[in-house]
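Here's the structure, in structure tokens; my notes come after.
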Amino acid sequence: MSQNHARTSRTNDLASRIDAGFRTAIAAALSDYASVNSAPIDPLIKAAANPKFGDFQANFAMSLAKSLGKNPREVAQQVVDAAPPSLRDLCEPFEIAGPGFVNIRLRPESIANALTAMDSATLGVSNDNKTHTVAVDLCGVNVAKQMHVGHLRATIIGDTIARLFERLGWNVHRQNHLGDWGLPIAMTLAALRRAKVDIARVTLDDLNRAYRRAQAEGRDDEAGLAAAHATAVGPHRIAELEAQHEGAAAALADAHDTLRRLQSGDAAVVADWQKLIDVTMHEVYETAQLLGVDLKPEHNRGESFFRDRLTPTVDAFVAANLAVRDAGALVVRFEGRERPLLIQKSDGTSLYATTDLAAARYRIQDLGSELVVYCVDARQRDHFNDVFDAVALIGWTKRADGREASLVHVPFGAVLGSDKRPLKTRSGENFTLKALLDEAIARGRREVHARAASPDAPTAALSPAELDAIGQAVGIAAIKYADLSSDVSRDYVFDLDRMVSFEGDTGPYAQYAHARIAGILAKASAQGAAAGALVIATPQERSLALNLLRYPGAIEDAASQLAPNRIAAFIFELANTFNAFYQACPVLRGADESTRASRLHLCDLTRRVLADALSIMAITAPSRM
RNA sequence: GUCCCGGUAGCUCAGUUGGAUAGAGCAGCAGAUUUCUAAUCUGCAGGUCGGUGGUUCGAUCCCACCCCGGGACGCCA
């Protein structure tokens, strides 16, 4: 995947100030030479590969020296000598090492000052004040179908990306592309109406069964019939299959008729269809709430929303000479690609690509998005590749203000069982999301209750209901963190034992670090101890402070790369460095007053950054656990 | 057959426009605890970065070919 999908205004953090300082130094040092290159030279500032090399390193000298035909260490020295005071004041004297690396070590005062500057409501994260707009396609449930693990990913990855941009001050449009139109819905609807079921009173589970039954009924058993003839089974069996075939044909005809009435606005059918959606969405919203996901009716932009835009979409491609007839269907062809994009079936009706094209146009030209993010299963990679190319071909990536929007698919991998096959129940069915979450919550509660049983546990005095609430937060965090903490495009094996573990790179580990800090802060508050001026003295304080300072950059990187795992990696690093600090640096006992005040300040900042980062993934951070 | 995605420690995975000795977690081993919550911390051990060539001062990263695994391929979404 290509890198920067979103341009965010870069924070004025330490790394940026070092970067700016070196740019100035390079320009000054190089003014001696005839301009080698008109482009500004990137000082290539990185976090140091190893603590013994300092905090940051600048890697510009090697490649630059080559183009100048000079010795890299000399070039590095010349640049270092030209460092402006703004840069020199920040750092200890520079060291030139190896082939020409510049090692940069921050002065403790610089760290304390930068951290003090970061201590605000924004925590140093930039805010674009709604000058950018993004649309995020998420969730994408199908009406009358139970949510399964695939929807878990489309929902929480989408929600995290949406929250990430909200945190950066973007205008965010959540788009729930419901499967609420077309033949599958009509089949279920027809079956329910035939059975005279009161649709408003059924559960999603009932609907799910009706959906599957309708699918099975509607399956045209031509293949079975042909096989029966070929393998010479008895006439009785063939008659049975023929009857089934006729039944299927009748069900299908009924479904088509229902679809026609739905599409032409038949009031009774439309009313039942709406009930079907209501029942489905009621449970979807419940699940979303359980997951902490911001998903509401106003985010619905399902297939039905685009129904009147389908014909104009097809017409536009025909008018632009971008679609051609092929075997009765309309296809868009691409240069250098065998695979075409079907935008109209030979019976004249449209299909999913048509809706996606209409939706892309809506998101860019009606909503004004400069970026449209699709959180959809990786198996639809080719499909979106084609759709995006088609949108570009017809020029719909151009926004009202003339700027180009980009469309990006964030493909996510499958959730696998321990057999490395897509997760299934014992009976071979897809796991419903609800079943999965119930199990995780039960596990979280078990862990929390077990620990509260110890008399000196901080949770010992809590009521069972309070412990249940914490346990639920732990269980949900376990699942969400596991899902979001590795590159989302990859498959992962669902292993509840690992996820719910309080050790290692897990949600509960992060929550635990937060609870530990909250415990100290509560105690400090009870003792009347207050945070004060920061003093960075020990290696653990330094490490914690530097990690805190990385927060704004981590958030910006996560956004520009649409990579939730970057947030998780930051959280894990921070929780780790905090725990090391906790071990080595007593806050409330055995420390003089100024040390205590400084460490309390570090604790307070760490807690807020941790809670803020977790909130972007919509993971709750309990104060006790 | 065409195209897409992946292959890094026993297992699960990071690796941010090519940079110093490839990093974590789990599992294993050795330590630390009358705890500001040990759900923790410190240390040890663990690698032909799928393979072979190429580009480069320098490659897990870029290019070519090959091997293995997964996926998608016109009227489902």
Side-chain angles (χ1 to χ4, degrees), chain A residues 2-4 42 44 46-50 52-53 57 59 62-63 65-66 72 97-101 103 140 142 177 179 182-184 303 326-331 337-347 349-353 355-356 376-383 385 411 413-414 420 447-448 451 454 456-459 474 482 485-487 489-493 495 498 501-506 508-509 511-513 515-524 527 553-554 557 560-561 563 565-566 569 572-573 576 579-580 582-591 599 603 624-625:
Chain A
S2 58
Q3 256 79 32
N4 296 312
D42 189 338
L44 297 171
K46 315 246 176 187
N50 187 314
K52 76 181 178 195
F53 299 139
Q57 58 186 59
N59 296 345
M62 283 78 77
S63 54
K66 191 175 163 61
F101 296 102
N103 292 342
N142 294 309
H177 197 88
L183 196 58
E303 293 165 345
D326 189 330
L330 267 178
V331 300
R337 188 178 307 162
E338 224 173 83
R339 179 186 65 241
L341 180 68
L342 234 82
I343 62 169
Q344 190 186 63
K345 301 194 243 183
S346 48
D347 67 1
T349 59
S350 56
L351 60 173
Y352 65 113
T355 314
D356 280 330
V376 183
D377 193 314
R379 284 174 302 185
Q380 294 194 40
R381 259 192 178 111
D382 292 344
H383 166 69
N385 193 10
K420 299 285 177 83
E447 299 285 344
V448 169
R451 287 174 166 87
S454 160
D456 31 298
T459 48
V474 168
S485 60
S486 66
D487 181 340
S489 74
R490 297 173 58 127
D491 297 349
Y492 72 90
V493 174
D495 177 356
R498 180 178 60 80
S501 164
F502 293 67
E503 289 162 23
D505 190 5
T506 69
Y509 174 82
Q511 290 178 314
Y512 173 63
R516 272 183 136 179
I517 308 170
I520 294 178
L521 294 174
K523 253 181 196 150
Q527 295 173 11
D557 286 349
S560 71
Q561 294 174 43
N565 63 308
R566 298 215 161 236
F572 182 56
E573 270 301 308
N576 256 338
N579 277 326
Y582 181 94
Q583 200 76 20
C585 304
V587 178
L588 295 178
R589 42 159 216 210
R599 287 180 179 172
C603 285
R624 279 182 288 188
M625 60 188 285

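What you see is a predicted model, and the numbers here were worked out from it, not measured in a lab. Just so we're on the same page: letters track the sequence lines, and every chain starts at 1.
Anti is the classification of B/rG25, since its glycosidic angle lies more than 90° from 0.
Separating the P atom of B/rG19 from that of B/rG10 is a span of 25 Å, rounded to the nearest Å. The gap from the C1' atom of B/rC61 to that of B/rA22 amounts to 11 Å, rounded to the nearest Å. Comparing B/rC44 with B/rA64, their C1' atoms sit 42 Å apart, to the nearest whole Å. For the P atoms, the distance from B/rU60 to B/rU17 is 14 Å, rounded to whole Å. Comparing the P positions of B/rC4 and B/rC63 gives a spacing of 12 Å, expressed to the nearest Å. Separation of the C1' atoms belonging to B/rC67 and B/rU48 is 16 Å when rounded to the nearest angstrom. Between the C1' atoms of B/rG74 and B/rG69, the separation comes to 28 Å (whole Å).
In terms of heavy atoms, A/Ser346 sits closest to A/Ala327 at CB-O, 3.9 Å. When all heavy atoms are compared, the tightest approach of A/Ile517 to A/Cys603 is CG2-O, 3.2 Å.
By the 5.5 angstrom centroid cut-off and the 30-degree plane limit, A/Phe101 is classified as stacked against the base of B/rA20. The aromatic ring of A/Phe572 does not stack onto the base of B/rA24, failing the criterion of a centre distance under 5.5 Å from the six-membered base ring together with planes under 30° apart.
No contact: A/Glu573 has no heavy atom under 4.0 Å from any strand.
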(message) Using a 4.0 Å heavy-atom cut-off to protein, can you give one letter per nucleotide of nucleotides 70-77 of chain B, 5' to 3': B if the base is in contact, S if only the sugar-phosphate is, - if neither?
(response) -BBSBBSB
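The backbone N or O of A/Pro586 sits less than 3.5 Å from a side-chain atom of A/Arg599, completing a donor-acceptor pair.
Annotation: A/Arg337, atom CZ; neighbour count of heavy atoms from other residues, nucleotides and ligands within 6.0 Å is above 12.
Computed from coordinates, the A/Lys46 NZ to B/rG23 P distance equals 16 Å when rounded to whole Å.
A/Asp382 CG to A/Arg339 CZ: the interatomic distance, rounded to the nearest 0.5 Å, is 4.0 Å.
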